[in-house]
Amino acid sequence: MRKEFPSLVAVFLLCICGCAGMANPYASEEGLVVLHYSIGQDPKGFDPVRASDTLSSGLIGQIYEPLYQYAYLKRPYTIEPCLADGMPEISEDKCLYIIRIKKGVFFQDDPCFVATNGKGRELTAEDFIYSFKRLADTKNDPEGYWIFQGYIKGIDEFYEASQSESPTDYSKEIEGLKALDRYTLRIELNKPYPRLLWVLTMPYTAAVPHEAVEYYGEEVLNHPVGTGPFRLARWDHWHRIILERNPTFREEFYPSEGTAEDREQGLLRDAGKRLPLADRVVLTIIKQEQPAWLYFLSGYLDVSGIPKDNWNTAMSSLTTLSPQMEAKRITLWRERSFSVYYVAFNMNDSLIGMKHPEVCKREIEEKRKSAEEAREKGDSKEAERLDKEADELEKELPYLPQKNEKRRKLRQAMSLAYNRPQRIEIFANGRAEPAQGPIPPGFNGYDPNFKNPYSEYDIERAKLLLAEAGYPEGIGEDGKRLELSFETTGASTTVLQSADFFRQEMRKIGIVINIVQNTWTEFQEKLRTNRAQTYALGWIADYPDPENFLQLFYGPNKSPNPNNANYENPEYDRLYEEMAALSDFDPQEAKRKYELCRKMEHIVTEDCPWIFGLTYWSYTLNHCWLKNYKPHPFAYNTYKYHSVDPELRLRLSQEWNRPTMFPAYIILGVILSLAGLFFYKLKKQSE
Amino acid sequence: MNFLEEKDALCKKEEPLLEVVNLKTYFPIKSGVFRRTVGYLKAVDDVSFTIAAGETLGLVGESGCGKSTTARSILRLVEPTDGKIFFKGTDVRALKESQLRSLRRHMQIIFQDPYSSLNPRMTVASIVGEGLRIHEKLPWREIRERIAFLLDEVGLSPHHINRYPHEFSGGQRQRIGIARALALNPSLLICDEPVSALDVSIRAQIINLLTDLKERHNFAYLFISHDLSVVEHIADRVAVMYLGKIVEIASSTELYNHPSHPYTVSLLDAIPLPDPKRRRNVTPLKGQVPTLAHLPSGCRFHPRCERKRPICETHQPPLTEVSPSHSVLCHSPIS
Amino acid sequence: MSAYIIRRLLYLVPTVLGVCLITFLLFNVVTTGEAIAKQRLGQHATQEQIESYLKTHGYDKPLLIRFFINLKDLLTFNFGRSEVTHQKITTMLWNGMWPSLSLMVPAFFFTLFVAISIALFTALYRNTFLDRSTVVLCIIGMSVPFLAYIILGQYILGYKLKYFPVTGYEWGLGVFKFLILPGLIYTAASLGSDVRFYRTVVLDEINQDYVRTARAKGLSPNTILFKHILKNAMIPIITRVVVALPFLYMGSLLLEDFYGIPGLGAMALNAIDGNDFAVIKAITFIGAILYVLANLAGDILYALVDPRVEFK
Amino acid sequence: MNMEPGLQNPTMETSQEQPARSLWSDALHRLKKNRLAVFSFFIILIYLIVAVLCGAGLLATNYDEQSYKIDEKGNISLNSYSPPSFKNPLGTDIQGRDVLSRVLQGSWISLRVALTMSAIYIFIAVLLGAFAGYFGGFIDDIIQWLYQTLASIPGLLMLIALTFVLGKGLTNVAVALGLVGWVGLCRLMRAEYLKHKARDYVLAAKAQGAGPFRIMFKHIFPNTFHIVIISFSLGFVHAIMGEVVLTFVGLGAKAHEPSWGRIISEARAELAREPAVWWPLLSATVAMFIVCLAFNILGDALRDSLDPKLKE
C-alpha cells in the first residue's frame, strides 16, 4: 500500500496536467467538412407527421423533402421546386393542382427496402399520396393535419375513418389525391387554398416511403428514410445527433442568383457547386444557454444566438458587435423575426372574458335544438339540463353588451399597464419593439402606419379605464381586490422572471396576479381544457401569409385549435373568411387582402383578447470559418447550403482555449505537501 | 396457616392468596431460513407453589435460574407458556388485558435495579402517583397528599416530591420503588432481589423497612434473592430454584435446619459465617451451571451432584414430601 | 451463511412488491387514464377515441386487475413507450444507464478513496491543529449547498480557468475528460460528511484495545493503520456506502443536468418537465430495484467481512 | 433495627454517593462549555428572530418593490442588477429589488418549510417507530416493510410523484419532504423503543396498570426525546437544502417567492453575465451556509452532549 500511494498521486498529477487542451469536446475529424451546431432539446423524433416544433422540423427537413422549397437567397420569400419538377399547373377555379415530380430521385439506401436488398427505391407520385394519407391517419398522432383539413377533397372522410379501432386502410382512395401516372400528382380542393404552396414546403408534407413505415413500425421515428441531402448517422439521445451526407442524393446545385448584398457577403462564392457542401453535421444537444454560448465563444459551435445575459459580451450597441467579437472575426446577422409575443386572456373566463351577443344567441339556439333532439331520444334529463343552460344564457343576454364593454376596458387597462419599454430593456437587451397588432413588422400585410392605442405604457390611463371597468384602484364592486391567475409555460428562469415582472406591472394598477407554475405539458393541457385564465405565449409564423397570424382569432379555431384565447367575433370571422380565400401572389387580390387585414387588426386591438407585447429582432452570430450562412425564417432544409473552413476553425479554436494553469499548480502543491506530511508522519512513527 | 386466614378477610376460606400451579414459561429459539422454532429456552419449567395472605415466601437460586421470570410471569409481565396462576381465586392467565390491569393493583413488584426501574424523565411524584392516577380518579391535590404520605412511610421527605430520580442515592431510589409499589395498597408484593444491587450497609435498612411495612399492612411477600442469608430473616417459607425448577420448598426454620436437597446444602454452605474463626467443612459446587437452552437429562442437578446415582442421569426425580410442608425434588434426599 | 443469504433474498419479495404497489398507487392517483389518453391522442381526440384508448390500454379494468397487469409489466421490465418522445422506455433506460454509471461509479469510489485517505491522515495527526482544522473544514463543506458547488465549479473550473469542457458527453473512452469536472464536484460536495464519518470510524478503531496490543507488540504503524484498523473499519464503511447509494442517485440528477450527461438523472428531469409519467414510473421502479439490490449486496458483503455477524 | 422509618435521615445516604446529574442539565452544562455551539445557537436564534420579523411584515418589507435609477439624460429606468452599494448593501436583482431584503425574506420561507417538514416527519416517525418497537410482531413487520420500501424508492422521484399528487408550491414541498423523510428517525425510534420496552421502569409502569399508549408516550417517549431533538436540528439543514434542489427542479418556491432556492437557481445565468452578477448567488449561498453551519455545529454538539453513542 505504501508503495502504491505515491504512484496514485502521480496518476492524479498527470490527470491535472492532462487538462491542458482537454476542453475541446470533439474528437478529431481530419479532412471532413463538418458543421457544428447546437440544439436545446432532444428532438421528438424523425417522423414528418409529427414535425410540429421548429426543432424537429429543422432536422426532419434535412432528411425528408417536400415538393417545394424556399429559394435560399431570394427575398422576398419565393418558392421553388424541390422534389416537384417545376411549378404546379393550377386550374381556373384554383381548385385543381397538377404537380409533376422529378424523375430519378431515389430514397436513401436503407435495410427497409427488402426487395432491392437495401438499395433505395425511386420516388413516385404515389409516395406523396401515401405520405399525405399518413398525415390524415389519427393512428400516427399527426400534428400537422390542420394544413389539409377541409381543403383536400375527401381527406376529412379518410381522417374520420382512421379513428375506428381497426388498422387504417391505406388502399382506400382519397378523392382529391390521385397519381395520374408515375410522376404526376393531381390534387383537387374543396375550395381555393391560396396557401397550398406554402404548405407544401413544410416537412409535414415530405415524402415517406411506405416500406420504411412497414419495416420499422413505430420505430420509424428513429429510422428516417428520406430523399434529402443528409441521412441520420447517429442519434445519442440528449447528447448529439450526427447527420451524414446522403451519397445517393440527387443532383442539386448551389443557387447562382442573389442580390448584390449576397455577393458582397460572399454568399455566391459556391454558386453552382453540388449540394450538400458539408460532409457531416454534428448537432450537440445543450439544454442551457450558457454552456452553448461558451462553446460558441471557444469555437466549438459555428452559429449562436445571443443569450440575454451575455448581451454585453457580444454587442456594444444594438447594431455593432463588441470589440471582443470583432477580434474574433465574428459576423452578425440581424433581422426581424416574424413573431409576436403576447399575454392572452381566456375569453371564456367569467372575470375577464367576453361573449358576443350573436354568439350567445347561436349557442342558445344550439342548446334548444339539442335539447329537442335529446327529448326525442327520450333522454329527458339531458334535455332538461340543456334547457336550463339555455334559459340562463337567455337571462344573461340583455346584459351582455354592457358586460363586454366593461371587460374590454379591463383588458385595455391591463394592456396599457404592460410596460413594454422596460421589458425590452431588461429581458431583450433592447432588441425588440412593442407589437402594435397581430401582424409583425415587415411581414406581408403589415401596416406601418397603424398604432395600437393600447400599446403604450400609460398607468394613468390604465387606472382610468380600470375604474370604468368597475375596478377603481383594482377593487371590485364586492369590495374585493381583483385577482387573476397567470399560467407559466415552463419553469425556466426567464419565464419565471418575466411572469414575476407581469405581476409587478399589474400590481401598479392594483390587480393581484397569482402565478401558477407549470411544465410545458401541463400548460398545454390547461390550454386544451380551457383552464388557463391568462398566460404569455408567442406565435412564430409558419409561412409568409398574414392569415397565419389572423387565424389565431378566428372563432371556429377556438381551443383546442390555435385560437387559445377563444376569441369569437362574428364580424371578424366574416372578414377572415373573405381574407383567407385571397392570395398574396395576385396583386389585385393582395390589395383587397391587406385592406381586410387592416380592418381585422382594428377589431382585435380594440377588443384586446391579447396584450400585444413585443416583436423581436433576431440576432445570429457566425464564426468567420462558416460559409454560406443566411438565416431563413421559414426554410427547414438549409444545412445543405452551409459549409466551413475546417483548418481555420481548428487553428483559431486552439488559440482561444489556453487554460490558465497556475491555480492548478497551487492546488497540486497543496495536495502534494499534504501527502508528504502524511508519509513523513508515518515514517517518523515507525522509527 | 389458619391464623393468616383470620387476618385477611378478603381471602376466602382455605384458599391461598396466590396459587401457582405447574407454571411454565418458555422462550422459543429460532433458526434457519424461515425462522422456525427449533427449541425452547425453559426459563420456568413446571413450578408450583402457594402464598397465603400475609405470608412471605422466599425464592432462592443462582442467577439465571428463572426466579425473576417466575416473578414476572405471575404478574404476566412476561407471558407464561402453560400452567395456572390463581390470585384470590381468579385465574390470572384467563384475564383480558384490561381486567389484568385492574388486577395488578393488588399485586405489585419491586425491582432489583433501583436505577433502571425508575424512569429518569419523571418526577418522584409522577412515578409514585402513576398507579393512583390510573386506578383512582382522584383530584391532583389528594393524590399529592397520598404521595407525601407514602414517601413519609418509606422514609423519604415529602419535600422530594418534585425531584427526579437521578438526584437520589441507590437506597433512596429503592425506597421510591417501594413507595410506588405501596401506592395502590396491594395484598401481594413481589420483591425481585430488592437489595442485591445495594451497598451492604443500606441493605439492612431496606430489609427492615420491608419487614416494618409487612407488619403494618399485612402484605404477602414473594421475596426473591440469590442469597439464602437475606431470605432467612424475612421469609416464612423458602423455595429453592435450580434451572427453572423448584428443587426444595419448606418453612424457613425447617429448610435452614434440615436441608434435604444437595443443592440447598451447598447454597447454605456458601453463606459466610459471621465468626471468621469458625469453619465449615465446605464442599464447593463443582462444574458449570448448564445453560437453560441445553438442559441435562434426568435430574437437572446431576452433573454437579456429589450424591449422583445412575437413575439421576436418566429419570427426572419426583417431588417427594420428606416431612409435612417440606417437599424435595430429589431421588435421594438427605434426611 | 447460505441460509442467511437465502433468507435475505426472500426478504426481497415483499420489498419489491411494496415498491410495485407504491409506484402503482402513486401513478394511478397522480394521473387518470383519461389524462394520459388525452396527452397521447393529441388535441383533436374525440370521446370515442379516448374510450377506445382506455380500453386498449386496460384502463377500464378494475384497480386490482390493473395492479396485477402493472406488476407483471414491471417485473418483466416491459415499460412500454414514452408518452412524450414515443421512444421505447427500455431502450431509453439502457442508453441512459451507461452515462450515469460512468459518471457516478468512478466519482463515488474516488470520493471514498480520498475520504478514507484524509480520515487516516487526521487520525495520524489527531488532536493537532491539522486534525481540528480538517473537522472544521468538513462541517463547512457540509454546509455549502450542492447547487452552489455545481454552479461555482462549472463557472470557475470550466468557464474561467478552461480546465475542463463545461458540458457534454462522448460515447467511448473520450468520455474521460467530460466526467472529471462533475466527478470532482461530486467529490468536493460529499467529502465533508464522508471524511467526518470515516474519521470517527478510524478514531473509534484506534482507541480499541487491540491497537494498543499491536503497538505494544511493536508492529509498525503502517501495518497497524492499513492492516488492522482499515480492516476492522470495513463494516461501518460498507454500511455507509450502502446508505449513500440513494444520495448517489439524487446527486447524479443535478450533475447530469448541469453537465449535459445523457444519463438516467437527466432523463428523469426531462421526464418531469414533460410530465412523462411512464418514464418517471420506470425510473422510479428501476431506482428502487437497484437500491434494494445494493442493500442486499451490502448485507452479504457485511456478512463476508465480519465474522462476528450472527446469521440470525 | 427498629428504626422509625420517618426519622431516617435521607441526606445520610446521599452523602455516600455522588448524585448523577440529569441528562438535560448535564447536556446543557456540556453545551455551555462548547463555546462554538453556544455561538451557533445564538446565530440560529438571530435567524429565527429575523425570519419571524419578516414573516410578521416588520422587517425587509421592501423585498418586492422595484427601484429605479435616473441616468444623465434624465431617463428613468429600472435599477436592475445594480452592484452592492450603500443604498442596497447586497445589490439589486433583475427587477431592481433589494437583494438583502429578499435574502432576509428567504429565511422566513426556509423556516416555514423546515418547521412544516419537521412537524410532519417527526410525528410520523415517532408514532410508527413507537408502534413498531413497542408492539413488535406483526405491527413491527408491517412498519418495517413500509419504511424499507419507502427507503428503496429514490427520494427525489418520490418527492416529485408526491408533489404531483399534492400540487406544487412550498407548502406542498414541505409536506412531501415530511412524508418522505421520516424513515431515518423512525428506524432510530424503533430501536430505542425496543431497548426501552424491556427496561424495568416500563415493567413497573405495566405493573402499575398503565396501558400501552400511556407507556409509549408518557413513559418511554421522554426518554427518547433527545433523539428527536438531534434529528430536528439536523433535519433543518435537510429542509433548507431540499428546498433549494426542489425549487431548482421547478417544484418548490413560486416565481414571486424570494426563497434562497429561487435566488440560487436564478443565479446560474446571472453569474455568466458580463460583468458577472455574483451578489444574489453569494448572498443567498452565504445566508444559507451560515445557518446550515450553525445547525450542523449545534446538532453535532447536541449529539455529543445528549447521546455520545449516537455519533455517526
Side-chain angles (χ1 to χ4, degrees), chain C residues 11 14-19 21-23 26-27 29-31 136 138-140 142-148 150-152 154-155 159 192-193 196-197 200 204 236 240 243 246-247 249-250 253-254 257-258 265 268-269 271-273 275 277 280-281 283-292 295, chain D residues 36 141-142 144-166 184 237 240-245 247-251 260-261 264-265 267-272 276 278 281-282 284-286 288-297 299-300 311-312:
Chain C
Y11 273 150
T15 314
V16 171
L17 279 180
V19 169
L21 182 70
I22 286 177
T23 45
L26 273 176
F27 290 100
V29 175
V30 175
T31 47
V136 172
C138 284
I139 299 186
I140 289 176
M142 277 165 67
S143 307
V144 177
F146 191 45
L147 215 55
I150 298 183
I151 294 177
L152 289 173
Q154 195 176 36
Y155 184 67
Y159 286 178
S193 59
R196 230 163 61 94
F197 175 77
T200 328
D204 273 358
R240 170 80 173 184
V243 166
F247 174 74
Y249 199 88
M250 172 124 172
L253 212 84
L254 294 178
D257 185 56
F258 268 80
L269 279 184
I272 295 163
D273 264 0
N275 283 23
F277 290 112
I280 297 180
K281 189 161 102 180
I283 297 178
T284 309
F285 180 73
I286 290 287
I289 294 297
L290 287 179
Y291 179 73
V292 168
N295 244 325
Chain D
L36 203 58
D141 286 343
I142 291 278
Q144 278 203 63
W145 169 80
L146 188 66
Y147 71 58
Q148 255 162 22
T149 308
L150 275 182
S152 332
I153 297 177
L156 190 63
L157 292 175
M158 186 79 191
L159 281 176
I160 288 155
L162 274 174
T163 44
F164 272 124
V165 182
L166 301 167
V237 179
I240 291 170
M241 296 207 170
E243 186 268 323
V244 174
V245 172
T247 298
F248 177 76
V249 176
L251 301 171
W260 294 336
I264 292 180
S265 314
R268 177 187 203 171
E270 291 168 346
L271 193 62
W278 46 267
L281 174 71
L282 199 74
T285 310
V286 168
M288 217 176 122
F289 168 72
I290 291 174
V291 71
C292 285
L293 188 63
F295 267 116
N296 271 331
I297 292 173
D300 242 35
K311 264 189 196 173
E312 205 210 343

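Numbers restart at 1 for each chain; the letters A, B, ... are given by sequence-line order, proteins then strands. What you are looking at is a predicted structure, and each value in this text was computed from that prediction instead of being measured.
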Quiz item: Side-chain contact, heavy-atom cut-off 4.5 Å: C:Asn295 with D:Gln148?
Solution: no
Exercise. Can you measure from CZ (C:Phe258) to CZ (D:Arg268) and round to the nearest 0.5 angstrom?
Key: 3.5 Å
Quiz item: For C:Phe285, what residues pass the ring pair (Phe, Tyr, Trp, His ring centres under 6.0 Å) criterion, not counting sequence neighbours?
Solution: none
Self-check item: From SG (D:Cys292) to CD1 (C:Ile139), nearest 0.5 Å
Solution: 12.5 Å
Quiz item: About how many Å separate CG of D:Leu150 and OG1 of C:Thr15, when rounded to the nearest 0.5 Å?
Solution: 11.0 Å
Quiz item: If you measure from OG on C:Ser143 to CD1 on D:Ile240, what distance do you get to the nearest 0.5 Å?
Solution: 10.0 Å
Exercise. Please look at C:Leu21 and chain D and tell me whether the side chain, the backbone, both or neither of the residue comes under 4.5 angstrom of a heavy atom of that chain.
Key: side chain
Quiz item: Which atom pair, heavy atoms only, marks the closest approach of D:Met241 to C:Met142?
Solution: CE-O, 3.3 Å
Quiz prompt | Non-hydrogen side-chain atoms of C:Leu147 and D:Val245 separated by less than 4.5 Å | solution = no
Quiz item: Looking at D:Val244, D:Asp300, D:Leu281, D:Val249, which makes the most heavy-atom pairs under 4.5 Å with chain C?
Solution: D:Asp300
Quiz prompt | Nearest-0.5 Å distance, CG of residue D:Leu271 to CD of residue C:Gln154 | solution = 10.0 Å
Practice problem: Give, as side chain, backbone, both or neither, the part of C:Ile140 having an atom under 4.5 angstrom from any heavy atom of chain D. | Solution: both
Exercise. Write down the atom of D:Ile153, the atom of C:Ile22, and the distance for their closest heavy-atom approach.
Key: CD1-CG2, 3.6 Å
Quiz prompt | C:Phe146/D:Phe248 under ring pair (Phe, Tyr, Trp, His ring centres under 6.0 Å): CA gap, chis, key distance, verdict | solution = CA-CA 11 Å; C:Phe146 191 45; D:Phe248 177 76; over 10 Å; no
Self-check item: Spacing of D:Thr285 atom OG1 and C:Leu152 atom CG [to the nearest 0.5 Å]
Solution: 6.5 Å
Exercise. Identify the heavy atoms of D:Ala276 and C:Tyr155 that sit nearest to each other, and give their distance.
Key: CB-OH, 3.5 Å
